[in-house]
Each structure stands twice: as structure tokens, then as C-alpha cells.
Amino acid sequence: MSDHGHHHDHDHDHDDDQPGAHDAPLSGPALKVKALESLLIDKGLVDPKALDELIDTYETKVGPRNGARVVAKAWVDPAYKKRLLENGGGAIAELGYRGRQGEDIVVLENTPTVHNMVVCTLCSCYPWPVLGLPPVWYKSAPYRSRTVIDPRGVLREFGVDVPESVEVRVWDSTAELRYLVLPERPAGTEHMTEEQLAELVTRDSMIGTGQALTPAGRR
Amino acid sequence: MTRPVDLDALPAIPRDEEGPVFRAPWEAQAFAMVVRLHEAGHFAWKEWAERLSVEIAAARDRGEQDDGTRYYHYWLAALEKLVTEKGLIAGAELERRAEAWVEAAKRTPHGQPIVLER
């Protein structure tokens, strides 16, 4: 990988340590990390694939499980759900998950008739304060392009079978606007607590490439 | 497959039962760089642990609160010093590259990947 003529920053404007730093897409530690990483890659001292592979291992560990708590609260608290759908960033901030990203999040509700899924066709805009690090496949060119052309085919590859009667809506993120999918609450969870419900909410279910787990499918 | 590194050798790394936890993507990136450089044989894990301890002790001496939130700032400081001392990267080179990224970010519209032209 020594012949790289350029680098892509997949976390444009997302990985600053200081939430709210709108005019400084790269600054502070995020900038230092970017500079170090690109030099180490250029010099052949680290393999970018090996870095990605390792980071992928921790993709769900940033802001651990914040999004799952948001979803579980919406499932048990109708008033919260209403606020969440009307003003995603504001309702998410109520739980203490802030930052420029959080303020700009729109929440999309999956229903028996509509399945939402999220993509970023330009780069890989991602609501990481609630979802953690974007998975490698989310950043991949095939996911980005194919989701727009053939969303049902992509969903099938993720093991999600959406009946023809259900409308699939694909939402393209931008740096200014991120999306969080509110998955359907699984059947048979009426007696579960908010904490137990959060365990059922997977990362993929909040991107729209999966469903929430059923109580039986819980790990 | 990744051989797990010995997290117990490090001073109080933020972690849960499955491994390290991060507060922002750059923290995970900084973590990954150290693990991969170590695996490539550029330094021993024990040496890394010692360097990190030195940074944390220095922060404590400066009176910074040791609540874990700045852990990866120390991690990054230790990494920058180690790569320059090992001669992997020159200090001036690092500064120039950071400036190049700032310039690239400035001329990139929101929503598009930042590209470093050279």
C-alpha cells in the first residue's frame, strides 16, 4: 500500500474531540491522529487494511450502546418517542448524548408498512455519538452504491427479508444531517424493562440493515 | 486474526468486560496504530506501557484530574514521542502533515471525503 497518492478521511467533521466545533472539521487530537496515521501508512509502517480491521473490532464500543438506550426509551415511553420523532437531536440530548452530530440527527420510525435504511453515498456520514464507529461495510463503495440501486437485495444479504408489501425507504446522510432508525419493538417483549429492551437493539437495526433481536435471539 | 495484546500491562485503560472502550473514533484509531506498530516489531508492549505511564504520571504532576476522560490524549502524546524517538517519523514531518490536513479540510465541502492532494 505504498503507492497511495491520496488519502480519504471517512470521518470528515465527525471525529473532533470538541463537540460543536463546526468550523474546525479537523482539529485537536483527531487532526494529530489523522496526520500520524497518514504518515505511517505512506511510509509502509502500518497497513491501512490491518488498521481498519482492528478498528472494526471496536466499532460498537464508541459511545457504548447510546443509541440502544434511546431506542429502548422510545419503546417504553410514548411521550419520549413523540419528542424523538419530532426533534431527534433534542430528545437524544435529553439522555446526555450531545455534540454537533447529536443535534442534527433525524429519527426514522420503522412500522409494519415502512422499512427505513440509511446510507451515505458521498463519504460515510454516521451518527457516531449514538451508534459508535461506522462498520467497515458502511464505508465500502458497494454498500454505498448498491443500497440506492437495490435496497432489497442488500437487505437480503444482511439476512433481512422485507415483504413486498412493505415500502423500503433509503435515506442518504450528509455532514449536516444524520439518521437513526427506530426499529420496531419485537413481539413478546411487553413485560421487559427498558434496560432489558436495550439489549435487543443491535447496531444494524439502527442503520436499517437489521431488525431488533427477539427475546429468544438475545445473546 | 488479531493476537490480543495484554491490556493488563497498561495503566488503567478504560475498558469493559470485552475490551477497551472509546469515547470518539480518533481514540480507537490511536489505539489501533499502537497495536499494529507493536505487532510489526517497532517496540515491545512493555516499552509502550512504560511510555504511557510516564505521560499519565506527568499529567498527574501537572494537577490534571485522573478520571479517565483524557486517557487517550496521554496515549496520543506518548505515541507521538515514541515514533519520533524511534526515527519512524520526524517531528517536523508530523507538523507539516497536520497542516496539510487542515488545508485539505478547509477546501472540502461538508459531506465529501477530505482528500490530501500531493
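Here the structure is a predicted model, which means the values were calculated and not measured. Numbered from 1 within each chain, the chains take letters A, B, ... in sequence-line order.
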Checklist outcome for this item: Rounded to the nearest 0.5 angstrom, the CG-CZ distance for A/Leu54 and B/Phe31 is 6.0 Å
Checklist outcome for this item: Taking every heavy atom of B/Glu93 against every heavy atom of A/Leu39, the minimum-distance pair comes out as O-CD1, 3.8 Å
Checklist entry - Of all heavy-atom pairs between B/Ala40 and A/Leu45, which one has the smallest distance, and what is that distance? => result CB-O, 4.4 Å
Item to check | Residue pair A/Ser38 / B/Trp101: nearest heavy atoms and the distance that separates them | outcome: OG-NE1, 3.0 Å
Checklist entry - What distance do B/Met33 atom CE and A/Leu36 atom CG have between them, rounded to the nearest 0.5 Å? => result 5.0 Å
Next on the checklist: I need the residue from B/Ala77, B/Ala98, B/Ala30, B/Ala100 with the largest number of non-hydrogen atom pairs under 4.5 Å to chain A.
Outcome noted: B/Ala98
Next on the checklist: Are the side chains of B/Tyr72 and A/Pro29 in contact, using a 4.5 Å heavy-atom criterion?
Outcome noted: no
Checklist entry - Side chains of A/Asp42 and B/Arg97: does their closest heavy-atom pair fall under 4.5 Å? => result yes
Item to check | SB check A/Glu37 B/Arg36 (cutoff 4.0 Å) | outcome: no
Checklist entry - Roughly how far, to the nearest 0.5 Å, is the CH2 atom of B/Trp26 from the NZ atom of A/Lys32? => result 9.0 Å
Item to check | Residues from residues 42-57 of chain B approaching chain A under 4.5 Å (heavy atoms) | outcome: B/His42
Checklist outcome for this item: Distance col, row A/Leu40:CG vs B/Leu37:CG, nearest 0.5 angstrom, shows 5.0 Å
Checklist entry - Would you call A/Lys43 and B/Leu88 a side-chain contact if the rule is heavy atoms closer than 4.5 Å? => result no
Next on the checklist: Between B/Gln29 and A/Leu51, is the side chain to side chain contact (heavy atoms under 4.5 Å, CB included) condition met? List the steps.
Outcome noted: CA-CA 8 Å; B/Gln29 286 154 359; A/Leu51 275 183; over 6 Å; no
